[in-house]
Number of protein chains: 2
Amino acid sequence: MPQSVDARAEKKPSRIQLRNRRKILEAALDVFSQHGFRGATLDQIAEAAGLSKPNMLYYFDNKEAIHVELLSALMAEWLAPLEVMDPDGEPLEELLGYIRRKMQMSRTYPRESRLFANEIIQGAPRIGPDLNQRLKPLFDEKCALIRIWMQAGKLTPMDPGHLIFSIWAITQHYADFEAQVQVLMPDSAVAWDTAMQHVETMFRTLLSAE
Amino acid sequence: MPQSVDARAEKKPSRIQLRNRRKILEAALDVFSQHGFRGATLDQIAEAAGLSKPNMLYYFDNKEAIHVELLSALMAEWLAPLEVMDPDGEPLEELLGYIRRKMQMSRTYPRESRLFANEIIQGAPRIGPDLNQRLKPLFDEKCALIRIWMQAGKLTPMDPGHLIFSIWAITQHYADFEAQVQVLMPDSAVAWDTAMQHVETMFRTLLSAE
DNA sequence: GATGTTTTTTACCATTTGGTCAAGCCACGA
DNA sequence: TCGTGGCTTGACCAAATGGTAAAAAACATC
């Protein structure tokens, strides 16, 4: 009996499969993050991956499968900085550490940031379920934690949810709107350093105001 | 001699032209803001506008012309809240007023916000020149103004450019990432009100820290 | 080196998409 | 009411796009 598509997904993948799937996902990250789902073409992705289009479709059933797998695989990585935040740590330093990690992510993985940004802007049509099942619980958990910290007088009291939104908005801004930042601050080499300093100082001021 | 395309652009447009061009741009705003440039199709726009595709292409030379005109026409409207900021006003109130107007814009015109977001995320391939010629001067001017205010001890000193980025990032976040916000704060009716309060309080704290 | 399996390629297809063209419609002034 | 010129339409087209089928090639295993 020939190996079916389902079997392929369940059995342990060969070395070639591993390599090619990784090449495809890497190429897809490039193309999807730049053009969004509908704007990306299979030909573009295949060329970027160095494979023929049918060869690529041997590894993924269709365009959407590539996109979904990419988002799904990246989600964990993307949430990691928030997960790390420790209930037993020093509140202000925990939050500032999170902010620093988030800035570092935007700097190191701007494509990933833009991939998610594209998907969310367009209404999260393919990642919607994941948002509910993976992001929401984590968000609620950390909101509760921050609220406790604030009630203990360790942080300036405010709405924890909107605080997290602010952190996301600002940190991701530098990755998602890089084109604009570069126009307005052409001296981009130093922009990242000043940006990181600004963001940290800003939230430190905000969170430790009496 | 029949009226040429160029003449059409220069002569004063008829009532029908005005009406149809507006219908097209309105429809294009809907479609482009949801799918980005490459993801939007002329058929979608034409249907949303209630016109046939050839009829639409009678008013605009091609897809790109619609997109460019849309962005260009909206740019002024988009920059207005920043332009209003008055050098002779009370610094803190001027900035908070700007922030309030920007939040109001995101609330009232989320499609416009997403239209720009899509374009910038994808590297601003079509609006690049406009950023340099229209946004950059205004940005520099207001940065200088804020710097003067800070040097006069009226505001907490910080990098004015990054301050503006922070304002943009947070205010636009609620429009651009609305899908995510709605998942994480399902009680969306009140989310806007609490958001506006949070953002204002946040920047007031930040800007008036000693 | 024969044999079964996985991987790759070649050729192809249906649909979608951006765009054209010529003919017809219609509003409006003479 | 009759042209005339702006407006609209239906039919059409070439290229791009997502995807398939089947044969060929490469590979692993004996």
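Each chain gets a letter, A, B and so on, in the order the sequences are listed, and its residues count up from 1.
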Pairs under 3.5 Å (N/O, protein and nucleotides 18-21 of chain C):
residue	atom	partner	partner atom	Å
C/dG18	OP1	B/Ala40	O	3.2
C/dG18	OP1	B/Lys63	NZ	2.9
C/dG18	OP2	B/Leu42	N	2.7
C/dG18	N7	B/Lys53	NZ	2.9
C/dG19	OP2	B/Lys63	N	3.0

From CE (A/Met75) to CD1 (A/Ile127), nearest 0.5 Å:
3.5 Å

With a 4.0 Å limit, can you tell me whether [X] has a side-chain N or O closer than that to the phosphate oxygens OP1/OP2 of [N]?
X       : N     : value
B/Tyr58 : D/dC7 : yes
B/Tyr59 : D/dT8 : yes
B/Ser52 : D/dT9 : yes
A/Gln17 : C/dT6 : no
A/Asn55 : C/dT7 : no

Answer yes or no: are there more than 12 heavy-atom neighbours, outside B/Glu47 itself, under 6.0 Å from its atom CD?
no

For atom CD of B/Gln197, decide whether the heavy atoms of other residues, nucleotides or ligands shown that lie under 6.0 angstrom number more than 12.
no

Rounded to whole Å, please give me the gap between CE in A/Met56 and P in D/dT17.
12 Å

When rounded to whole Å, the NE2 to C1' distance for the pair A/His67 and D/dG18 reads 16 Å

Between A/Ser113 and A/Asp176, is any side-chain donor less than 3.5 angstrom from a side-chain acceptor?
yes

Ion pair present between A/Arg21 and A/Glu26, side-chain N to carboxylate O less than 4.0 angstrom?
no

